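Let me begin by presenting the structure, written as structure tokens, before commenting on it.
Note on naming: letters A, B, ... go to the chains in the order of the sequence lines (proteins, then strands), and numbering restarts at 1 for each one. Fair warning: this is a prediction, and the values are worked out from it, not measured in the lab.
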Amino acid sequence: MIEEQYNFQALESELQQSWEEKRVFAVSEDLSKEKFYCLSMFPYPSGYLHMGHVRNYVLSDVIARYQRLLGKNVLQPMGWDAFGLPAENAAIKHKVAPATWTYKNIDHMRKQFKILGIAYDWSREIATCNPKYYHWEQWLFIKMYEKGLIYRKNSIVNWDPVDQTVLANEQVIDGRGWRSGALVEQKEIPQWFIKITNYAEELLTDLDKLGGWPLQVKTMQRNWIGRSEGTNIVFAVNHDDKPLKIFTTRSDTLMGISYLAISPNHTLAKKAAHNNLELQNFIKTCKQVKASEADLATIEKKGMDSGLTAIHPISQENIPIWIANYVLQEYGAGAVMAVPAHDERDHEFASKYQLPIKPVVEPKDSWDFQQHAYTGNGKLINSGQFNSLDNETAKTAITEFLISHQCGKQKIHYRLRDWGISRQRYWGTPIPIIYCSDCGPQTVPESELPVILPENVAIPETGSALKTLPSFYQTTCPKCHGPATRETDTFDTFIESSWYYARFACKNQDKAMLDDRAKYWTPVDQYIGGIEHAILHLLYARFFHKILRDFGLVNSDEPFIRLLTQGMVLKDSTKMSKSKGNTVDPNDLIQKYGADTIRFFSIFAAPPEQSLEWSDHGVEGAHRFLRRLWLFAFKYQQTLNEEGIMQKNDSTISIDWDKVSPEQREIRKEIYQLFKQADFDMQRLQLNTVAAACMKLLNVIAKIPELKIENDQEAEVVNKRLLFIGFSILLRTLNPIAPHITHYLWKNLNFGPTILKASWPKIANNALRSDTIQVVVQVNGKMRQQISVPFEASKEVIEQTALADTKIKTYLQNKSIKKVIVVPNKLINIVVGD
RNA sequence: GCCGGGAUGGCGGAACUGGUAGACGCGCCGGACUCAAAAUCCGGUGGUGGUAACACCGUGUCGGUUCGAUUCCGACUCUCGGCACCA
């Protein structure tokens, strides 16, 4: 019995409770069914759920529930990306331990999640700050170390000289530390790296296997990896025994070099500045800038002659070596050759410092080299023996010359750099390394894992907390058993999120990182998350998957088969944020309208990949629709129930749809047409139009009781059947989006025991048949009339019918027909002239 | 600066492979119900002109390809995401 009142609160909480008690979404490996692993990027437990989360997880749930209706064995887990900077900030601000703060946040957010009614298998919940989780990434680190994939080198960090702390890029505002306000300095410290560049080629070529990924994401990754073919060139440096190495893709312009530019962090820069106060000051100024590429690329280009010179490998001339603030130490070897005539950036720099601009490639038309660099192709000039060669040929010729003189070689270079994984922070996974003054760095023995992060810790405002804990860092060397110290740096938190998807398959496995269950569930069939992760997270996870594969832990090359990158949730056209005061609390909305309404609005308001503009009015519209659905069910529950019981008892009368009234046939056609479109849109994940189709379906079904039946019993049976079919299709199509209301109505209208065991509707092709079809008539490309012609009418018939149309005739008066284009079943365009 | 997106009525958006621009919803206007309001229901709703039939204009800007362009190509403007230590 359905009440008139749509009491969503009681209905939703009762259902959620029963789903949880019956563990209906807990799954295990089942070889008799096709598996479907649906995963959305796990959240950082910031403390409260925001609309961006809601959108992400609802999108994922719609896909998961749809796949379930298709009969698949669906896994949808949830966990917490629990390590990270905000916990330490909160710890300082509120004087609580990061662990306490984090676990409290997790508890709160889990509750918030549950009232959204998402079909999670909560038994697989993971928090990455749990030693049972990070144990295995420490283990993997050791395995990678043993395999030679880990090394240590110096690299640059943002240093706050007042707080004596390393700052994240986001903690540097206008070149100053966010708390102290001190000018940051670039500082070199030793850090651990993973050789992701060993996998650069595979990460690049395997992008071609990712047919289910958005093209834009693949393009971004391709450009990020940045494979380029070129030449490594070695320049001998005057009065120095160490040569300068550079990489260039323009070896053809070698004779046009004006200077070599090195990074202020280059060892040669230090040597040059040794007895030169002016250079020392210059280098110091260069280092007073945030160590991010975006900042380096936008600062004013500055340089200073180092006084050192290098020898040109062909002409043997001396070339000045400049120290330039725009050269990245991390990229290539921290040095570049500068050809102002043929490179925009070099041109700008040379113009500023009056360095020579020497053209070596001849443009086809006249060119003012003082104004612009010429980056196109042409024949070589001013290049001695290489003159008149076309510049592409010259690349090979010059490179071959360099090879034969032992000062160059062909090289494939990647923009991608090795992954620096050390963080000078407390709230992260301890790096399992022990430093022994006699034996050097040693990995922690496997039997001593995990290296547990002490949790009950006060976070100092300056420096790293682990450095203040002798009980943590004092230890013995695993090799010589003498006194030794532990590494106090922790892992980059991208490590945790690079393999969690696999751990969900076997989170209770405490003897190994992964087991065969991971081979069953991975790769993830559908991954959903924000576009902001298009490069870093997704590239690191792809890399880790290949590492796991090489250790035999998974048996696929790529972790995520299909990827959906959802857009942001905006309000008043800007990102929702606390500081702007334009946030919307999901809990308040669920209280007021119910989870189904919020879910429906999130899906309906925008296509998944685009940003979603929040609208309170729109939410009310979504709620209105669900209430209309409810009231319709309330009103016709008796009819629907009767039909349902007859269907169950197999006692229905069969209907010859060719004999029903044209209106009834039309309604049936509309229902299946709408479902066909919804089915197609669901497959291509255009979920907003699926939601729209549900609204249209209700509009169509609502017309059925209005159809005249005039005491005709047969017509009444047909109406009843139409109502039943239509409503049954609607409930199942809507179920992934609004699972509570559809679940309740399905059961109480006698459609079946539970919609969770129902199957996705099927299209009745005979309903879509049509004898005649509307064809658009255009004159000179403008729509002028619609005509009705037989289905699949020939071009001639369409043309004749169109030309015979009285309205069309008026457009053709006193004109001559130049051309007629006919698209069968669709359109005819008559091109006329005077 | 570099890489990758986006721009369609008053608003969110639709238009599948180049073929009726504006589906569906919101808002607004008018009507029904009501003492009244809310809720609900019915009708209308891109702009300009016209009593109307209808005509012209219209998918960020400028240009191109085509019988036909929101869709393809070129240039530009604004805007969003990323740039390796926010996650």
Could you give the [atom1]-to-[atom2] distance, from [X] to [N], as a whole number of Å?
| X | N | atom1 | atom2 | value |
| --- | --- | --- | --- | --- |
| A:Tyr414 | B:rC83 | OH | P | 23 Å |
| A:Met783 | B:rA69 | CE | P | 15 Å |
| A:Arg684 | B:rA14 | CZ | P | 9 Å |
| A:Ile225 | B:rA84 | CD1 | C1' | 13 Å |
| A:Met682 | B:rC16 | CE | C1' | 17 Å |
| A:Leu685 | B:rC16 | CG | P | 17 Å |
| A:His533 | B:rC3 | NE2 | C1' | 18 Å |
| A:Asp295 | B:rG1 | CG | C1' | 11 Å |

What's the closest nucleotide to the [X] side chain, out of [options]?
| X | options | value |
| --- | --- | --- |
| A:Lys782 | B:rC26, B:rC56, B:rA87 | B:rC56 |
| A:Ala605 | B:rA14, B:rA84, B:rG12 | B:rG12 |
| A:Gln216 | B:rG25, B:rC16, B:rG4 | B:rG4 |
| A:Ile821 | B:rC67, B:rA84, B:rC24 | B:rC67 |
| A:Gln610 | B:rG13, B:rG1, B:rA84 | B:rG13 |
| A:Met695 | B:rG25, B:rC83, B:rG82 | B:rG25 |

Measuring only the [atom1] atom in each nucleotide, how far is [N] from [M]? A whole number of Å is fine.
| N | M | atom1 | answer |
| --- | --- | --- | --- |
| B:rA53 | B:rA15 | P | 30 Å |
| B:rU66 | B:rC72 | C1' | 10 Å |
| B:rC80 | B:rC26 | P | 30 Å |
| B:rC76 | B:rG4 | P | 14 Å |
| B:rA21 | B:rC56 | P | 13 Å |
| B:rG18 | B:rU71 | P | 11 Å |
| B:rG22 | B:rG10 | P | 15 Å |
| B:rC29 | B:rU34 | P | 23 Å |

Looking at every strand, decide which applies to [X] at a 4.0 Å heavy-atom threshold: base, sugar-phosphate, or nothing.
| X | result |
| --- | --- |
| A:Ala534 | nothing |
| A:Glu496 | nothing |
| A:Lys818 | nothing |
| A:Gln171 | nothing |
| A:Pro214 | nothing |
| A:Val820 | nothing |
| A:Thr689 | sugar-phosphate |
| A:Leu827 | base |
| A:Tyr811 | sugar-phosphate |
| A:Gln786 | base |

Is there a side-chain polar atom (N or O) of [X] under 4.0 Å from OP1 or OP2 of [N]?
| X | N | answer |
| --- | --- | --- |
| A:Asn699 | B:rG25 | yes |
| A:Tyr6 | B:rA39 | no |
| A:Lys826 | B:rG19 | no |
| A:Asn169 | B:rA84 | yes |
| A:Arg624 | B:rC41 | no |
| A:Arg628 | B:rC24 | no |
| A:Gln785 | B:rU20 | no |
| A:Thr493 | B:rA87 | yes |
| A:Asn688 | B:rA14 | yes |

For a 4.5 angstrom cut-off between non-hydrogen side-chain atoms, does [X] reach [Y]?
| X | Y | result |
| --- | --- | --- |
| A:Thr733 | A:Val690 | yes |
| A:Asp81 | A:Pro43 | no |
| A:Leu85 | A:Tyr44 | no |
| A:Val779 | A:Val832 | yes |

Extract the stems that RNA chain B is part of, considering only consecutive pairing runs of at least three Watson-Crick or G-U wobble pairs, both distances under 3.5 Å. B:1-7 with B:77-83, B:10-12 with B:24-26, B:27-32 with B:40-45, B:46-49 with B:54-57, B:60-64 with B:72-76
Please check if the distance between the ring centroids of A:Trp427 and A:Phe83 is under 6.0 Å.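 Between A:Trp427 and A:Phe83, the centre distance is under 6.0 Å.
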A:Lys153 bridged to A:Glu188 by N-O distance under 4.0 Å: no
Heavy-atom nearest nucleotide on RNA chain B for A:Val776 versus A:Arg345: which residue maps closer to 5'?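 In this pair, the answer is A:Arg345.
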Using the closest heavy atom to pick a nucleotide of RNA chain B for each, name whichever of A:Ala691 or A:Thr219 lands nearer the 5' end. A:Thr219
Please work out whether the ring planes of A:Trp419 and A:Tyr540 are parallel, tilted or perpendicular, with thresholds of 30° and 60°. parallel
Parallel, tilted or perpendicular: which describes the rings of A:Tyr636 and A:Phe632, with under 30° parallel and over 60° perpendicular? tilted
Does one side chain, of [X] or [Y], offer a donor that lies under 3.5 Å from an acceptor on the other?
| X | Y | result |
| --- | --- | --- |
| A:Asp489 | A:Gln191 | no |
| A:Asp681 | A:Gln677 | yes |
| A:Thr102 | A:Asn105 | no |

What pair of heavy atoms forms the shortest contact from A:Phe8 to A:Lys592, and how long is it? CZ-O, 3.1 Å
Is there a donor on the side chain of A:Asn223 or the base of B:rC3 sitting less than 3.5 Å from an acceptor on the other?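 No.
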Answer yes or no: side-chain N or O of A:Gln677 and base N or O of B:rC16 forming a donor-acceptor pair under 3.5 Å.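 Yes, a donor-acceptor pair under 3.5 Å.
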For B:rG9, does the O4'-C1'-N9-C4 (purine) or O4'-C1'-N1-C2 (pyrimidine) torsion place it in syn, i.e. within 90° of 0, or in anti?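 You should classify B:rG9 as syn.
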